[in-house]
Amino acid sequence: MAVERTFCIIKPDAVEKKKAGAVLALLEEKGFSILACKRMTLSKDVAEGFYAVHKARPFFGELVQFMTRGPVFVVALERENAVAEYRKVMGATDPAKADEGTIRKLYGGNVGENAVHGSDSLENAKIEISYFFPGNEVAPVAG
Ligand code: CMP
């Protein structure tokens, strides 16, 4: 199975609960390498750009307001089959429907405030990593 990279945001709710370290520790336990990680507060423009695909959704305004209300950690991750494996560890969008032991079950509150974001495909992982880590901030894939 191929080594892949994926992208995670530890959202404001999890940072407010002081669970950023717990999320990163869980990811390392599950075999992910943390390639890059930075704490930042998203501007409205950056949050709207990141979630542009959801622009027409009724919850878009609420989503942008939530994502800009406090600091987040943006994280680039690597392991074998990273996109699918991270989606398993992350759990369902709605924490109430997420499996036991997943990040969203452990630390999420509701469908809007669900602790973490994760890329849904390898293609989007590349786009999302370069959105927050431009240039060579994350070392290019070897070979
Ligand atoms: P995320 O993986 O960050 O991608 C888009 C986000 O939109 C999603 O997680 C949810 O947090 C959020 N979202 C999805 N559905 C709803 C909803 N019905 N109400 C509010 N936020 C939502």
Side-chain angles (χ1 to χ4, degrees), residues 1-135 137-141:
M1 216 166 273
V3 173
E4 293 176 354
R5 292 174 175 189
T6 192
F7 177 71
C8 157
I9 302 179
I10 304 175
K11 297 185 179 186
D13 59 328
V15 178
E16 286 158 11
K17 293 176 191 162
K18 303 219 179 286
K19 295 301 178 190
V23 170
L24 293 172
L26 180 56
L27 290 170
E28 286 194 314
E29 267 170 37
K30 297 286 184 183
F32 291 88
S33 295
I34 299 164
L35 296 185
C37 177
K38 63 186 172 189
R39 181 182 187 270
M40 59 194 298
T41 300
L42 306 187
S43 67
K44 188 165 180 277
D45 279 356
V46 166
E48 285 180 350
F50 182 75
Y51 281 120
V53 67
H54 296 299
K55 205 168 183 151
R57 303 282 191 97
F59 58 80
F60 184 69
E62 195 184 317
L63 174 61
V64 169
Q65 200 170 16
F66 163 59
M67 290 300 291
T68 56
R69 87 171 179 210
V72 301
F73 287 82
V74 294
V75 188
L77 298 168
E78 186 174 84
R79 64 155 281 167
E80 277 194 358
N81 203 23
V83 174
E85 290 298 325
Y86 175 48
R87 293 190 72 73
K88 273 195 232 166
V89 177
M90 180 169 66
T93 304
D94 182 350
K97 295 179 186 155
D99 289 339
E100 290 299 329
T102 61
I103 298 168
R104 283 170 165 167
K105 185 68 165 191
L106 287 166
Y107 306 124
N110 56 62
V111 74
E113 301 197 7
N114 58 0
V116 285
H117 164 81
S119 307
D120 62 2
S121 66
L122 197 53
E123 188 190 3
N124 282 337
K126 285 179 186 148
I127 294 167
E128 292 176 357
I129 288 172
S130 58
Y131 189 79
F132 285 104
F133 299 103
E137 272 190 47
V138 181
V141 179

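In each ligand, atom 1 is the first atom listed, and ligand 1 is the first ligand listed. Computed from a predicted structure; not experimentally measured.
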Among Ile9, Thr41, Ile10, which residue meets the side chain to side chain contact (heavy atoms under 4.5 Å, CB included) test with Val15? Ile10

Should you measure from each heavy atom of Tyr51, which atoms of ligand 1 turn up under 4.0 Å away? 1 (P), 3 (O), 4 (O), 5 (C)

Neighbour count above 12 (heavy atom, 6.0 Å) for Glu16 CD: yes

Honestly, for Lys11 the part within reach of ligand 1 (heavy atoms, under 4.0 Å) is side chain

Phe50 vs Phe132 aromatic rings, parallel, tilted or perpendicular, using cut-offs 30° and 60°? tilted

Show the atoms of ligand 1 that are less than 4.0 angstrom away from any heavy atom in Asn114. 9 (O), 10 (C), 11 (O)

Contact list for residues 33-49, test salt bridge (Lys or Arg N to Asp or Glu O under 4.0 Å), sequence neighbours left out: Lys38-Glu137, Lys44-Glu48

For the NZ atom of Lys55 and the CZ atom of Phe60, what is their distance to the nearest 0.5 Å? 5.5 Å

Polar proximity ligand 1 side, Glu62 side, N/O cut 3.5 Å exclusive: no

With heavy atoms only and a cut-off of under 4.0 Å, state how His54 meets ligand 1: side chain, backbone, both or neither. side chain

Using a 4.0 Å heavy-atom cut-off, say whether Arg104 meets ligand 1 through its side chain, its backbone, both or neither. side chain

Below 30° counts as parallel, above 60° as perpendicular, anything between as tilted: where do the rings of Phe7 and Phe133 land? perpendicular

Determine, step by step, whether Arg69 and Glu113 satisfy the salt bridge (charged side-chain N to carboxylate O under 4.0 Å, His left out) criterion, reporting the C-alpha distance in whole Å, the side-chain angles of both residues, the deciding distance to 0.1 Å, and the verdict. CA-CA 11 Å; Arg69 87 171 179 210; Glu113 301 197 7; 2.8 Å; yes

Before signing off on this row, confirm whether Thr93 and ligand 1 have an N or O atom pair separated by under 3.5 Å. no

Which residue supplies the protein heavy atom nearest to atom 20 (C) of ligand 1, what is that atom called, and how far is it? Phe59 CB, 3.5 Å

Does ligand 1 come near enough to Val111 that some N or O of the ligand is less than 3.5 Å from an N or O of the residue? yes

